[in-house]
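Sequence lines set the chain letters: A, B, ... in the order given, protein chains first and strands last, and positions in each chain run from 1. The figures that follow rest on heavy atoms only: side chains count, while hydrogens, waters and symmetry mates do not.
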Amino acid sequence: MLRIAHRLDLQLRAAMDRAFPEQAAAARQASQPLDPQLAPASKPEFGDFQANGALALAKPLKQAPRQIATAIVAQLQADPAFTDLCLEPQIAGPGFINLTVRPERLAAEVSARLGDQRLGVPAVEQAAPVVVDFSSPNIAKEMHVGHLRSTIIGDSLARVLEFRGHPVLRLNHVGDWGTQFGMLITHLKQVAPDALDTADAVDLGDLVAFYREAKKRFDDDEAFQTTSREEVVKLQGGDPVSLKAWGLLCDQSRREFQKIYDRLDIRLNERGESFYNPFLPAVIDGLKDAELLVTDDGAQCVFLEGVQGKDGKPLPVIVQKSDGGFNYATTDLAAIRYRFGAAPDGDDARRVIYVTDAGQANHFAGVFQVAQRAGWIPEGARLEHVPFGLVQGEDGKKLKTRAGDTVRLRDLLDEAVERAETDLRSRLNEEERSESEEFIQHVAGTVGLAAVKYADLSQNRITNYQFSFDRMLALQGNTAPYLLYAVVRIAGIARKGGDLEVLTGQLQFSEPQEWALVRELLKFDAVIAEVEEELLPNRLCSYLFELSQVFNRFYDQVPVLKADAEALPSRLALCRLTADTLKSGLGLLGIPTLDRM
RNA sequence: GGGGCUGUAGCUCAGCCGGAUAGAGCGACGGUUUCCUAAACCGUAGGUCGUGGGUUCGAGUCCCGCCAGCCCCGCCA
């Protein structure tokens, strides 16, 4: 309906110009043209759209809002293009103008979407690269629940942007550099030197244990700390022994990460922190040239504007430590320059999106400010932190295992699939259905992972997220199983003889449930546009849930296969477009669908 | 101390550029199956939108104060 909304907006503006020529001209001169405030109708009984602009004009025009609305409507009715599109507008309440699109126009919109891969979503015209930076686990650690949201949300946002036609660079900014490596390598040199020059000498689980030990020593032992720092400097200086050890550790971790990504069907290009190593000195030079750099306590800093620390002094972003080493702020700045920079040493991006937890908001705000002041953000480019809240257990505290450890992502996914399998088996039992082992594994795997993804995505990402297997796997409510079931129902119609591919001429609808479904289906383009702009996947989830509800109502109350000969093709067309929209929408959430479950 | 986020029904949460009587789901209670998968559908009950001011024709939404919870605050990422 975006095209129709756009057309209506223009028609409304023209009508306002004709109704109030002097005020319209004056408003345009003040570069605040009269706004019809066109919005989707807040309730179905108000039609398809509402224009609230008359209310705002009451004061400047010194007229009653309903009188203003009447004048605008009179002008609209004089416009043949408008009367061709809409029924007679209704003025309601204090002065709302309610607009209802002609049924035949809605039916024509549905027709146009049948068989359209894009489902009415326009492709972007100017396609500049978009960077989505997400997931970002640390080398030598296992992926855990802390990586869940970034990975799932980032992937979904990338999919939506790709669907709109943007060239998307999915970057995995893995933690493969810095102090942590100094600690690990120093520790391994002492306790497991094999791991540093032989591939797979220890497995990843051991490596994680070594890492934990190293971290403990680092925190407790000053001498170890110093050696570790020296090790980092060696690594950053390109010492061959350190580099080889580092390479082996990275390979090993990378393979483990890939297993998770394969399982979740997530595509990512690894470009870790180390990638930006050669560009770090230029960051310092650049900041020096921009006269932003200040030496403080031996460290190179940029002091932030508008952000005060404990003592009321401006807060610094440290870009070079007193020992000469660089840190994450330096890397992030180098990454910003690279991503906005021109090829070959740059990505030429116009939008860069970071999907990381909300706890890093201060860090990014600081880094973005420095980049801005250094002039590294091109005119019109967008640099956005997409924050999300913590994953909490049902007790409202940070999610932990019963033993109090961090939950491994692998275990979390396993449990979701296991629970889905248990549910499925007991259901099959109850219904006295018999299915192959292959069917059970496939359905349980799909439903389990879909549930994990959907539960996360369906929540506004800003707030903390309460993780609950029971809720996400529930068969009713705003859950993946409920949505998947709607798709299964349509597949059932196709199996039972409904030819969804049949092409019909004129679509015709008679039942309110059909019209409700038509109107819901036509909202898809606006929802995608909104997610692209706001980067909130939960908006897409809400839409798909509502679409499923409207479809289930239709399915329950209106016969499809047993419909009259005249109604049948149109109803099959609705089923087809619903299935396509649900599959496409779920696909943008990274969730595959099933024909039977 | 400074900064950020959050506070909406018993629970988990939506709420779009400020717009009409604040919405879902779960849970509770009641109903629906000779018919395309009842994993569904229909209905009932449930609200001082943390709180006090302000702006506005109109505030859950914007501004200011306060309260509560979570997170961050110099050489980890």
Side-chain angles (χ1 to χ4, degrees), chain A residues 35 37-40 42-43 46 50 52 55-56 58-59 65 92-96 98 136 138 173 175 177-180 183 215 218 273 296-301 306-312 315-323 325 327-329 331-332 356-363 365-366 387 389-390 392 394 396-398 423 427 431 433 458-460 462-466 468 470-471 474-479 481-482 484-486 488-498 526 530 533-534 536 538-539 541-542 545-546 549 552-553 555-557 559-562 575 596-597:
Chain A
D35 183 0
Q37 296 186 28
L38 183 68
S42 57
K43 286 185 179 181
F46 299 151
Q50 60 186 64
N52 305 333
L55 292 158
K59 204 163 196 185
F96 300 107
N98 290 336
S136 308
N138 290 319
H173 193 79
W177 208 245
T179 312
Q180 50 183 358
M183 299 188 302
K215 172 85 173 113
F218 186 84
E273 295 167 355
D296 193 78
D297 250 354
Q300 300 297 311
C301 308
V307 188
Q308 263 108 56
K310 286 183 181 107
D311 41 13
L315 213 62
V317 169
I318 294 174
V319 291
Q320 188 163 24
K321 298 185 280 184
S322 49
D323 65 4
N327 63 7
Y328 59 102
T331 308
D332 283 336
T356 79
D357 70 277
Q360 297 188 49
N362 289 344
H363 163 67
L390 287 174
Q392 299 175 319
E394 288 180 81
K397 291 182 185 152
K398 198 171 170 180
D423 276 7
R427 175 164 299 282
E431 294 175 2
R433 274 169 67 189
S458 61
Q459 189 131 131
N460 186 321
I462 281 294
T463 53
N464 290 344
Y465 156 51
Q466 207 173 90
S468 162
D470 287 334
R471 277 205 293 272
L475 308 169
Q476 55 278 107
N478 188 7
T479 65
Y482 179 87
L484 290 173
Y485 179 60
V488 163
R489 284 184 137 180
I490 300 170
I493 290 174
R495 252 196 324 277
K496 290 280 167 66
E530 196 179 311
E533 183 59 28
E534 312 279 339
L536 289 171
N538 67 304
R539 297 273 164 82
C541 295
S542 300
F545 176 55
E546 278 159 30
Q549 282 185 309
N552 276 329
R553 216 163 287 150
Y555 179 93
D556 192 63
Q557 296 163 13
V560 177
L561 291 178
K562 292 187 176 159
C575 289
R596 294 197 306 126
M597 61 192 280

Describe the nucleic acid contact of [X] in one word from base, sugar-phosphate, nothing, applying a heavy-atom distance below 4.0 Å.
{"X": "A/Asn538", "result": "sugar-phosphate"}
{"X": "A/Pro481", "result": "nothing"}
{"X": "A/Glu530", "result": "base"}
{"X": "A/Asn98", "result": "base"}
{"X": "A/Ser42", "result": "base"}
{"X": "A/Ala494", "result": "nothing"}
{"X": "A/Gly175", "result": "nothing"}
{"X": "A/Asn478", "result": "sugar-phosphate"}
{"X": "A/Ala299", "result": "base"}

- Message: Looking at B/A68, which nucleotide sits across from it as a Watson-Crick or G-U wobble partner, both distances under 3.5 angstrom, or is there none?
- Response: B/U6
- Which atom of A/Cys575 lies closest to which atom of A/Ile493, heavy atoms considered: SG-CD1, 3.9 Å
Between atom [atom1] in [X] and atom [atom2] in [N], what is the gap in whole Å?
{"X": "A/Asn460", "N": "B/U12", "atom1": "CG", "atom2": "C1'", "result": "14 Å"}
{"X": "A/Glu546", "N": "B/G23", "atom1": "CD", "atom2": "P", "result": "13 Å"}
{"X": "A/Ile462", "N": "B/G7", "atom1": "CD1", "atom2": "C1'", "result": "15 Å"}
{"X": "A/Arg539", "N": "B/A14", "atom1": "CZ", "atom2": "P", "result": "10 Å"}
{"X": "A/Glu394", "N": "B/G27", "atom1": "CD", "atom2": "C1'", "result": "14 Å"}
{"X": "A/Lys43", "N": "B/A20", "atom1": "NZ", "atom2": "P", "result": "8 Å"}
{"X": "A/Asp323", "N": "B/G74", "atom1": "CG", "atom2": "C1'", "result": "13 Å"}
{"X": "A/Ile490", "N": "B/A39", "atom1": "CD1", "atom2": "C1'", "result": "15 Å"}

Under 3.5 Å, is there any donor-acceptor pair linking the side chain of [X] to the base of [N]?
{"X": "A/Ser542", "N": "B/A14", "result": "no"}
{"X": "A/Gln50", "N": "B/A20", "result": "yes"}
{"X": "A/Asp357", "N": "B/A77", "result": "no"}
{"X": "A/Asp556", "N": "B/C41", "result": "no"}

- Query: Is the shortest heavy-atom distance from the side chain of A/Arg471 to the side chain of A/Thr479 under 4.5 Å?
  - Reply: no
- Of A/Met597 and A/Ala474, whose closest RNA chain B nucleotide lies nearer the 5' terminus? A/Ala474
- Item | Position toward the 5' end of RNA chain B (nearest nucleotide), A/Asn52 or A/Ala329 | A/Asn52
- Does the side chain of A/Asp357 come under 3.5 Å of the side chain of A/Gln360 through a donor N or O and an acceptor N or O? yes
- Task: Examine the side chains of A/Asn460 and A/Arg539 and answer whether a donor and an acceptor come within less than 3.5 Å of each other.
- Result: no
For [N], take OP1 and OP2 only and decide whether either is under 4.0 Å from a side-chain N or O of [X].
{"X": "A/Lys562", "N": "B/C36", "value": "no"}
{"X": "A/Gln549", "N": "B/A40", "value": "no"}
{"X": "A/Lys496", "N": "B/C35", "value": "no"}
{"X": "A/Gln459", "N": "B/A14", "value": "no"}
{"X": "A/Gln180", "N": "B/C76", "value": "no"}
{"X": "A/Arg489", "N": "B/A38", "value": "yes"}
{"X": "A/Gln37", "N": "B/C17", "value": "no"}
{"X": "A/Arg427", "N": "B/A39", "value": "yes"}
{"X": "A/Ser322", "N": "B/G74", "value": "no"}
{"X": "A/Tyr482", "N": "B/C41", "value": "yes"}

- Task: Could you give the distance separating B/U61 and B/A22 at their C1' atoms, to the nearest angstrom?
- Result: 11 Å
- Query: Mind checking the C1' distance from B/A45 to B/G31? Whole angstroms is fine.
  - Reply: 15 Å
- Task: Just do the side-chain contact (heavy atoms from CB on, under 4.5 Å) check on A/Val317 and A/His363 with the steps written out, would you?
- Result: CA-CA 8 Å; A/Val317 169; A/His363 163 67; over 6 Å; no
- Message: Using the ring centroid of each side chain, check whether A/Phe96 and A/Phe46 are separated by less than 6.0 Å.
- Response: no
- Query: Does A/Asn464 reach the main-chain N or O of A/Leu390 with its side chain, forming a donor-acceptor pair under 3.5 Å?
  - Reply: yes
- Item | Backbone N/O of A/Asn538 and side chain of A/Gln459: donor-acceptor pair under 3.5 Å | no
- Message: By nearest atom, which of the nucleotides B/G19, B/A39, B/A40 is closest to the A/Arg433 side chain?
- Response: B/A39
- With centres under 5.5 Å and planes under 30° as the test, does A/Phe545 stack with B/A24? no
